[in-house]
Participant: 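Structure in structure tokens, see below.
Counting begins at 1 with the first residue of the sequence. Order of listing sets the numbers, starting from 1, for every ligand and every atom in it.
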Amino acid sequence: MSERARGMRKNLTSYGDDAFSVFLRKAFVKAMGYTEDAVERPIVGITDTFSGFNACHRNVPELIEAAKRGVMLAGGLPVAFPTISIHESFAYPTSMFLRNLMAMDTEEMLRAQPLDSVILIGGCDKTVPAQLMAAASHDVPAIQLVTGPMIAGSHRGRPVGACTDCRRFWGAFRAEEIDEQELVEAGEELCPSAGTCMVMGTASTMACVAEAIGMMLPGGAAIPAVAAARLRHAELAGSRAVALAEEGTTPDRIMTPEAFANAFTVLHAIGGSTNGVVHLAAIAGRLGLELDLEAFDAIGRDCPVLVDLRPTGEHFMEDLHKAGGLATVLREIRHLLHLDCLTVNGRTLGENLAAAKVFSQSVVRPFDRPIHAGGALAVLRGNLGPGGALIKQAAADPELLVHEGRAVVFDSLADLAARIDDPDLDVAADDVLVLRGAGPKGAPGMPEAGYVPIPKKLARAGVKDMVRLSDARMSGTAFGTIVLHITPEAAVGGPLGLVENGDRIRLDVPARRLDLLVDEATLARRRERQGEVGPEIPERGYRRLYLETVEQADRGCDFDFLRPPARGKVPPPRA
Ligand code: FES
């Protein structure tokens, strides 16, 4: 380790007398029952993100115990400390609204406390991004540990899981294909254990991305939350965190531009969540690296979807674990990866891959026999989304990927809720549903409302998918021909705000285009009529900070003052 202050002598409280600060700190730490020997050891912090409101983090206490055991076996002193914990369904107005608050909380606690390294225990969608944003902003060695996915449930003899099947059952209920009794019965099985959603939603995506980028020990992304292997993985993370403290390997040495390229490639190969793009943009932004949407799209053109997991396939994360975990995916795409990237275990991605077990399995397809030939996600441009938009093409109806239709516009979430099921709504199956006012500032918090429900009267008639557009996000567990993250959002004057009912809209995914077929003179008149736009800024509080400083989706929806000046782009163009 360097000559820098370490352990209890790091990050001293300011009294104007460092020796006194150490003396006082030691006096208080003795109240925790620690001996002098213990407090002289390397200190490994462990974020305690257990919360009674976070089902996905139910197993955090036992992971902390296992990680502590690992730290002590390696001669360190583990110290757990609390940070904010965010669950998708227990965060008003949205979990995304609070992600940056968690990132700030975590970053400042890393900076304030005497830590030689830290184990970041996350899991639910926004927690891993928040923790990696914090790690990227501070120079303490860090290891990402996740709670792990839930095991699959079973409903009437068929495997089910959150939240792809949550949406499927809800859609079936709306279409009156199942009754309330069956809906309640299914609800008992959708989340059958501790852990995160077990399909390839945002939590699973971010776990895979964290492993691919090198911040997690190999094999950690897919181990089920309830498996003993998850505890052994946590113990190993604890031991490794002590060595990492000694080596002083900081996150910026691991999360390099090439490592981001690996993460973006994996995002395509696993059929990952659109949210992964926003979160990776935010993490990269903390390192001064701007997202290059076109370069991300170009990666997808070379990298097919290989993982047969819901919502693009059939399996669950526990099946990916049994199939060898992320290493099995990495092996298939190794020719697209930067194998010399350093990872938290001190070895390169290529070395880790060489050490991973190889056996036959049926969850990860061979590169030349993919689930979906194009990448999972495509980046769209056009006069409706000059700053870009995303579509998860692998989870869309192929028939709708090139489509022109009449716009049916909803101005806000409230407007959507009030009118979508109105029997008098003027809507047909080949129309394009447009939701606006649901972006980072508009809602605020960029809710996962992009999965606009099929109007009830069409659902009852058997319509399963329609082209839907919005400045919102969508859960990674959802599916459909849904264009998201339209940038700039309507609330800051984006062209989405100029669409009127009956306008023609053209989606052309192969050409990467999204266009409003209205001439520029008409749009200029509408813009003039629209006048000033912008969210109302409240007088005080976090909401004020959020609305004043949150950036658009292409910049990760981070706060502008948390990003250092740009020094490069990710992913870097392929050599
Ligand atoms: Fe936590 Fe899905 S709600 S991972």
Participant: Tell me if a side-chain donor or acceptor on Gln144 pairs with a main-chain N or O of Ile119 at a distance below 3.5 Å.
Facilitator: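 No: the side chain of Gln144 does not pair with the backbone of Ile119.
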Participant: Regarding Arg99 and Asp125, does a basic nitrogen lie under 4.0 Å from an acidic carboxylate oxygen?
Facilitator: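 Looking at Arg99 and Asp125, the cut-off is not met.
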Participant: Any heavy-atom pair between the side chains of Met317 and Pro224 that's under 4.5 Å?
Facilitator: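 Contact flag for Pro224/Met317 side chains = no.
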Participant: Which residues pass the salt bridge (Lys or Arg N to Asp or Glu O under 4.0 Å) test with Arg158, sequence neighbours left out?
Facilitator: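 If we apply the salt bridge (Lys or Arg N to Asp or Glu O under 4.0 Å) test to Arg158, skipping adjacent residues, there are no hits.
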Participant: Determine, using ring centers only, whether Phe97 and Tyr542 are less than 6.0 Å apart.
Facilitator: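 Tyr542 vs Phe97: aromatic centres under 6.0 Å.
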Participant: Has Ser95 got a side-chain atom pairing as donor or acceptor with Ala91's backbone, closer than 3.5 angstrom?
Facilitator: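 No; zero donor-acceptor contacts below 3.5 Å.
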Participant: Taking atom 1 (Fe) of ligand 1 as the center, what protein N, O or S atoms are found at less than 2.8 Å?
Facilitator: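 Checking every protein N, O and S atom gives Cys56 SG, Cys124 SG.
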